[in-house]
Colleague: 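Could you have a look at this structure, given as structure tokens, before my questions?
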Amino acid sequence: MKIQPDQRCVVLGRYITENMATVRAAAKHFGISKSTVHKDVSERLRREDPQLYEQVKDVLEINKQERHIRGGLATKMKYEAIAHRRQ
């Protein structure tokens with residue numbers, strides 16, 4: 001993604017809100033680092049598009065509340081795969 005950071009933050013913000021995406025998912029989709037996505041949507045987007053910033057903030061808050069569940073599910077799947085390989 002070779003666009004200016006001010007434009008990039010809006011594109012990332014729209015992607016996150018439309019797809020209810022995590023920072024990690026957005027970074028993977030656009031081929032940039034998680035740090036870049038986080039900086040864009042938490043700092044640059046606030047200046048560029050305050051209304052979109054609020055929407056992104058809400059999505060990221062939901063993701064933050066759910067991450068312990070996703071982590072637990074990932075661990076469960078990991079150990080089920082290990083058990084399946086042993087059989």
Colleague: Kindly work out whether a path of hydrophobic side-chain contacts (I/L/V/M/F/W/Y, heavy atoms less than 4.5 Å apart) joins L12 to M20.
Modeller: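 As far as the 4.5 Å side-chain criterion goes, M20 and L12 are connected within one cluster.
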
Colleague: Count the heavy atoms belonging to other residues, nucleotides or ligands that lie under 6.0 Å from CD of E61, then report whether that count exceeds 12.
Modeller: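 Counting other residues, nucleotides and ligands, CD of E61 exceeds 12 neighbours.
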
Colleague: As an exercise, state the distance from NE2 of H68 to CD of E66, rounded to the nearest 0.5 Å.
Modeller: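 If I round to the nearest 0.5 Å, the distance is 9.0 Å.
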
Colleague: Using 0.5 Å steps for rounding, measure from the CE atom of M77 to the OG1 atom of T75.
Modeller: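 The CE atom of M77 sits 10.5 Å away from the OG1 atom of T75.
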
Colleague: Go through the steps to decide whether R14 and E18 satisfy the test salt bridge (Lys or Arg N to Asp or Glu O under 4.0 Å), and finish with yes or no.
Modeller: CA-CA 6 Å; R14 287 187 185 138; E18 290 170 3; 5.8 Å; no

Colleague: Would a 4.5 Å heavy-atom cut-off, applied to side chains only, mark R46 and K57 as touching?
Modeller: no

Colleague: For the pair K34 and V37, evaluate side-chain contact (heavy atoms from CB on, under 4.5 Å) and give the outcome as yes or no after the intermediate values.
Modeller: CA-CA 5 Å; K34 294 182 300 181; V37 173; 5.7 Å; no

Colleague: Looking at H38 and V23, what are the two nearest heavy atoms and their distance?
Modeller: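 Nearest heavy atoms, H38 then V23: N-CG1, 4.2 Å.
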
Colleague: Of all heavy-atom pairs between I16 and A26, which one has the smallest distance, and what is that distance?
Modeller: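 What the structure gives for the nearest pair is CG1-CB, 4.0 Å.
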
Colleague: May I have all residue pairs that pass side chain to side chain donor-acceptor pair (under 3.5 Å) and include part of residues 23-32, sequence neighbours excluded?
Modeller: none

Colleague: Atom CD of E54 and atom OG1 of T17: how far apart are they, to the nearest 0.5 Å?
Modeller: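 OG1 of T17 is found 13.0 Å from CD of E54.
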
Colleague: Mind listing the closest non-hydrogen atom pair of Y53 and L45 along with its distance?
Modeller: CA-CD2, 3.8 Å

Colleague: Is there a side-chain contact (heavy atoms from CB on, under 4.5 Å) between F30 and V11? Walk through the geometry before answering.
Modeller: CA-CA 10 Å; F30 289 102; V11 171; 3.8 Å; yes

Colleague: Locate the shortest heavy-atom distance separating T22 from N63; write the atom from each residue and the value.
Modeller: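 The answer is CA-ND2, 3.5 Å.
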
